[in-house]
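Here's the structure, in structure tokens; my notes come after.
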Amino acid sequence: MGGFIMKGYKDRYKLKISTIGTEIKIIDIYLSEDYDLGEIEVNSSFGLENITVNARKNLIERKVDRIVFNIEESPSMQGFDLLEALSNTPMLHTSDGGISIVGKSGVAVMINERLINLSGSELIQYLKSLRSDDVAKIEVITTPPSKYDAQGNSGLINIVLKKRTNNGLQSTLSSSYIQRTYGSTVNNVNLNYQTDNLLLSVGLRHYDIAYRVNESVSLIGIPTSVIQSDLRKDFNKGGGLNVNLDYKISKTSNIGFIYDGSIGGSNMDIVSTTNYMTNRLLDSILWTNAEHRKSINFQTLSAYYDLKLDTLGRKVSIMGNFLSNTPRSPFDFTSENLNTENSYSVRNESDMSYQVFSGQVDFTYPTKVINLEIGIKYTDIRNSSFVKYLNLIDEEYVIDPVRNDEFNYKENNYAGYISGFRQLSKKLTAQAGVRYEFTEIMGFSPNTEERNTFNYDNFFPSGYMSFAPNNKHTFSLSYSRRINRPNFGNLNPFRWYSNPYIYSAGNPNLLPSFNNNFELGYVYGGDLSITMYNQRLTNGYTSLTFLENTIQISNWENHLTQYNSGLNIGYSFKTIKWLQSYLFSDAVYIKSKSSIEDVIAQKGFTYYYQINNSIFLNKSKTNSILLNYWQNLPRRASNASYKTIANLRLGINVQVLDKKLQMHLIVEDIFKQNLSRGEIYFQDNTQFFNNYYDARRLTIGAAYRFGKPNIKTNRKDTKFDERGRAN
């Protein structure tokens with residue numbers, strides 16, 4: 001005889017009882033409250049001392065409002081930084097520019113439901129500072145519920161860290177060397193300290209990254225055509241500090257604060273050649289040599305107070321967030337007309353200041369009938385920018401008063417939501433909610449004395465239902481409505497010149513877009529996932545490029561309606577002990593419409609597939625070879641068509657010294673297929689692009705962990721969703 005007690009979250013589990021080399025019994029469990037298994041009888045021929053009891057989750061789970069990948073159940077996902085784990089996660093696509101869900105644009109990333117306050121390269125470097133070994137699961141939320149801000153058409157990715165139990169100190173040192181055209185380094189230090197009442201996490205990150213970019217863009221029209229070719233070196237250097245502190249005041253309350261700061265520079269050296277043609281005959285050639293230097297100074301501070309009201313789960317959370325971002329971007333260029341030998345030396349300088357404050361109160365109120373969540377939020381956003389255009393005259397930069405610009409922007413958002421969840425039966429769960437948001441906007445240009453003031457309000461409903469007749473099958477149905485507000489740079493009307501005849505500008509009258517998302521999902525046995533989906537985008541905005549005489553202008557416009565209808569299928573193959581594979585495919589039909597007559601909207605089918613393989617070299621599965629490949633076949637969206645793009649990755653991962661030392665070597669884009677190529681269609685011109693961003697690379701990395709292995713890390717949800725718009 002014997003007994004055991006195990007703890008777990010509300011979920012579905014498989015209880016596996018085995019002796020060495022022999023599986024004795026498997027029991028399916030749905031855990032919604034304390035559960036007594038009663039007596040479990042096994043064959044008396046097995047001695048109790050030889051029996052082990054394990055409860056394991058399925059690799060794939062379908063929740064009422066998200067699909068979950070339990071990466072702690074996958075040996076192939078261990079021993080990497082968090083970015084590498086995300087690149088191996090089904091449905092997700094990573095690049096130097098950020099993270100996206102396959103078939104969608106970039107998404108917001110959360111850790112334990114706390115939105116990360118970084119984007120672009122800074123987000124990538126932050127994720128590289130964290131370890132996949134600390135992650136329990138990755139949740140892909142393609143139709144977010146009402147408790148989240150409605151901002152963002154494309155959904156959310158929530159990274160859930162493992163819960164730790166031991167008090168003490170733990171630290172991790174990691175470093176990577178990346179060889180592309182130029183060499184790069186990434187270094188990270190993470191410290192976690194825990195007592196009975198205190199959780200403290202400190203992370204330091206440093207990076208020095210350089211790579212080569214080849215961009216070729218042609219605007220072929222009648223009679224005028226412009227053909228531009230850029231050779232660019234991007235070199236980004238900087239660092240960041242992240243501090244998370246949580247203090248337990250009593251058994252029912254805790255307080256904490258979170259700080260994240262980034263400093264550094266995002267720089268470019270550009271050599272550009274532009275050919276101007278009339279009726280396909282060359283008129284002139286403009287050569288431009290440019291230096292772009294952008295400083296990074298991004299600071300956020302969040303504070304919170306949580307109070308448990310009773311033992312039934314009722315609680316209140318109060319949060320406040322503050323952001324400051326003050327980038328400065330001088331852009332010096334010299335352009336020379338090779339035909340006339342005229343020369344222009346210009347400095348285009350941008351000084352900006354973003355400030356965001358938000359306050360939020362959330363109330364959780366479970367009852368016997370329904371679990372309620374209610375909350376309110378206020379956000380104040382302020383942005384001021386001053387752009388200077390200076391001509392170099394007699395070795396001094398002189399301001400051009402016509403091309404200078406100043407812009408002040410203010411936005412207030414008021415939001416409230418109510419959401420309810422109910423377990424209708426052991427097999428059926430439902431969730432529904434609605435969010436209301438009211439937005440006031442004021443933009444002012446002192447130079448032109450133009451004032452843009454307007455407000456709008458919207459309801460954002462969401463609904464979900466999940467049915468699991470048994471542990472093998474799960475069906476789900478979901479709907480949500482979302483909004484995508486423009487970034488501040490999209491609204492600012494200043495002109496940003498790359499040479500005297502090419503500039504881009506924002507649009508202060510730009511309005512948000514809306515997205516309605518429907519999904520029907522099915523999961524079988526934790527290995528097979530099938531999702532049918534339909535999305536409708538209205539009032540979508542894109543950047544459009546056109547010619548006015550010889551001036552090339554890029555501006556943002558609301559003009560797009562787009563329908564996406566698709567089917568994706570994912571399957572985890574693990575029948576062979578030394579091999580774990582995941583296959584994912586997505587077939588979608590995209591139909592676009594434009595309200596602008598000159599824009600030629602596109603439609604058509606496209607197909608994406610992804611194959612991730614891990615070949616284990618030992619029984620403990622700590623050493624493995626990685627062989628991953630993805631390909632996106634030609635697709636059409638908005639007024640553009642995109643050619644096939646693909647990437648082959650090969651690597652080896654080794655864990656030694658009881659998994660304390662982790663080393664990996666990875667080669668990416670072996671066949672140089674990760675290129676951005678395509679065409680953009682207008683009535684009076686067609687634009688061609690062919691760009692390569694140095695995707696072929698060799699990465700050598702190592703990480704070493706000191707101290708106790710089970711230290712808890714503090715990752716509090718601050719729901720500061722506005723941070724991504726201030727970049």
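Predicted, not measured: the structure shown is a model, and the values here were computed from it. Scope of the values below: all heavy atoms of this structure, side chains included, with no hydrogens, waters or symmetry mates.
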Y692 ring centre to K672 NZ or CZ under 6.0 Å, with the angle to the axis within 45°? yes

Shortest non-hydrogen contact from S272 toward T274: OG-OG1, 3.9 Å

Ring-face cation contact, F235 with K233, 6.0 Å cut, 45° max: yes

May I ask you to decide if G701's main-chain N or O and S176's side chain share a donor-acceptor pair within less than 3.5 Å? no

Run the side-chain contact (heavy atoms from CB on, under 4.5 Å) check on R66 and N158 step by step: do they pass? CA-CA 10 Å; R66 64 198 66 190; N158 183 37; 4.1 Å; yes

Counting neighbours of CD1 on I222 that are heavy atoms of other residues, nucleotides or ligands and sit closer than 6.0 Å, is the number greater than 12? no

For S329 and S350: C-alpha separation, side-chain torsions, deciding distance, then whether side-chain hydrogen bond (donor to acceptor under 3.5 Å, both in side chains) applies. CA-CA 5 Å; S329 301; S350 170; 5.1 Å; no

Would you confirm whether N690, through its side chain, and S216, through its main-chain N or O, come within 3.5 Å as a donor-acceptor pair? no

Verify, without hydrogens or angle tests, whether Q631 (side chain) and N647 (backbone) share a donor-acceptor contact under 3.5 angstrom. no

For R232, check side chain to side chain contact (heavy atoms under 4.5 Å, CB included) against everything at least two apart and list the hits. V213, E215, D234, M268, I270, Y693

Do H559 and S638 come within less than 4.5 Å of each other through their side chains, counting heavy atoms only? yes

Please collect all ring pair (Phe, Tyr, Trp, His ring centres under 6.0 Å) contacts where either partner lies in residues 267-286, sequence neighbours excluded, each pair once. none

Taking all heavy atoms of Y148 and all of R482, pick out the closest pair and write down the distance. O-NH1, 4.4 Å

To the nearest 0.5 Å, how far apart are OG in S592 and CG in L560? 5.5 Å

With a 4.5 Å limit on heavy-atom distance, are the side chains of Y629 and Y609 in contact? yes

Quick one: ring pair (Phe, Tyr, Trp, His ring centres under 6.0 Å) partners of Y497, sequence neighbours excluded? Y389, Y503

Answer with yes or no whether the side chains of S554 and T545 bring together a donor and an acceptor at under 3.5 Å. yes

Between the side chain of N628 and the main-chain N/O of N613, is any donor-acceptor distance below 3.5 Å? yes

Residue pair S462 / Y479, side-chain heavy-atom distance below 4.5 Å: no

L537 side chain near Q535 side chain, heavy-atom distance below 4.5 Å: no

Does the side chain of S266 come under 3.5 Å of the side chain of N236 through a donor N or O and an acceptor N or O? yes

With respect to D694, which candidate in N674, T181, N214 satisfies the side chain to side chain donor-acceptor pair (under 3.5 Å) definition? T181

Could you measure the distance from the CZ atom of F518 to the CG atom of N534? Nearest 0.5 Å is fine. 7.5 Å

For K643, is the NZ atom crowded, meaning more than 12 foreign heavy atoms sit under 6.0 Å from it? no

Partner set under ring pair (Phe, Tyr, Trp, His ring centres under 6.0 Å) for W496, not counting sequence neighbours: H292, F331

Identify the two heavy atoms, one from K137 and one from N70, that lie closest to each other, and give their separation to 0.1 Å. CB-OD1, 3.5 Å

Tell me yes or no: between the side chains of N568 and Y608, is some donor less than 3.5 Å from an acceptor? no

Any side-chain heavy atom of Q552 sitting closer than 4.5 Å to one from Y501? no

Are R649 and D669 close enough, and set up right, to give a salt bridge (charged side-chain N to carboxylate O under 4.0 Å, His left out), and what steps lead you there? CA-CA 6 Å; R649 305 172 75 242; D669 196 22; over 6 Å; no

If we ignore hydrogens and angles and just use 3.5 Å, is the side chain of T606 paired with the main-chain N or O of L633 as donor and acceptor? yes

Would you please indicate if the ring centroids of H473 and Y524 are separated by under 6.0 Å? yes

Residue pair L665 / T699, side-chain heavy-atom distance below 4.5 Å: no

When you check the side-chain N and O atoms of Q580 and Y582, is any donor under 3.5 Å from an acceptor? no

Run the side-chain contact (heavy atoms from CB on, under 4.5 Å) check on V160 and I138 step by step: do they pass? CA-CA 6 Å; V160 180; I138 296 174; over 6 Å; no

Check against side-chain contact (heavy atoms from CB on, under 4.5 Å), F688 and I220: CA-CA 8 Å; F688 303 85; I220 307 301; 3.8 Å; yes

Within the structure provided, determine whether S480 and F460 are in side-chain contact (heavy-atom separation under 4.5 Å). no

For the pair L547 and N685, evaluate side-chain contact (heavy atoms from CB on, under 4.5 Å) and give the outcome as yes or no after the intermediate values. CA-CA 9 Å; L547 284 174; N685 72 81; over 6 Å; no

Might you point out which heavy atoms bring A505 and P493 nearest each other, and give the distance in Å? CB-O, 3.9 Å

Report yes or no: does N490 contribute a side-chain atom to a donor-acceptor pair with the main-chain N or O of N487 at less than 3.5 Å? yes

Counting only N and O atoms by type, is there a donor-acceptor contact under 3.5 Å from the side chain of N279 to the main-chain atoms of L281? no

Closest approach of R696 and R180, non-hydrogen atoms and distance? O-CG, 3.4 Å

How long is the span from the CG atom in D208 to the NZ atom in K237, to the nearest 0.5 Å? 5.0 Å

Distance-only, no hydrogens or angles: does the E519 side chain make a donor-acceptor pair with backbone N or O of T143 under 3.5 Å? no

Below 4.5 Å, heavy atoms only, C-beta onward: do P512 and N484 meet side chain to side chain? no

Supply the atom-to-atom distance Q683 CD to F546 CZ, rounded to the nearest 0.5 angstrom. 15.0 Å

With a distance cut-off below 6.0 Å to the six-membered ring centre and an angular limit of 45° from the axis, does R635 pair with Y642 as a cation-pi contact? yes

Could you state the interatomic distance from OG (S585) to CG (L567), rounded to the nearest 0.5 Å? 7.0 Å

Is it the case that the side chain of N558 and the backbone of L510 share a donor-acceptor pair, with hydrogens and angles ignored and the cut-off at 3.5 Å? no

Specify whether Y589 and F605 have parallel, tilted or perpendicular ring planes, treating 30° as the upper limit for parallel and 60° as the lower limit for perpendicular. tilted

With sequence neighbours excluded, residues passing side-chain hydrogen bond (donor to acceptor under 3.5 Å, both in side chains) with S676: none

Starting at CD1 of I483, measure out to CG of N458 and round the result to the nearest 0.5 Å. 5.5 Å

Partners of N539 by side-chain hydrogen bond (donor to acceptor under 3.5 Å, both in side chains), sequence neighbours excluded? none

Under 3.5 Å, is there a donor-acceptor pair linking the side chains of E679 and Y681? yes

Could you tell me which non-hydrogen atom of G526 sits nearest to which non-hydrogen atom of V523, and how far apart they are? N-CG1, 4.0 Å

I'd like to know if the side chain of N507 reaches the main chain of N509, judged simply by a donor and an acceptor atom lying under 3.5 Å from each other, with no hydrogens or angles considered. yes

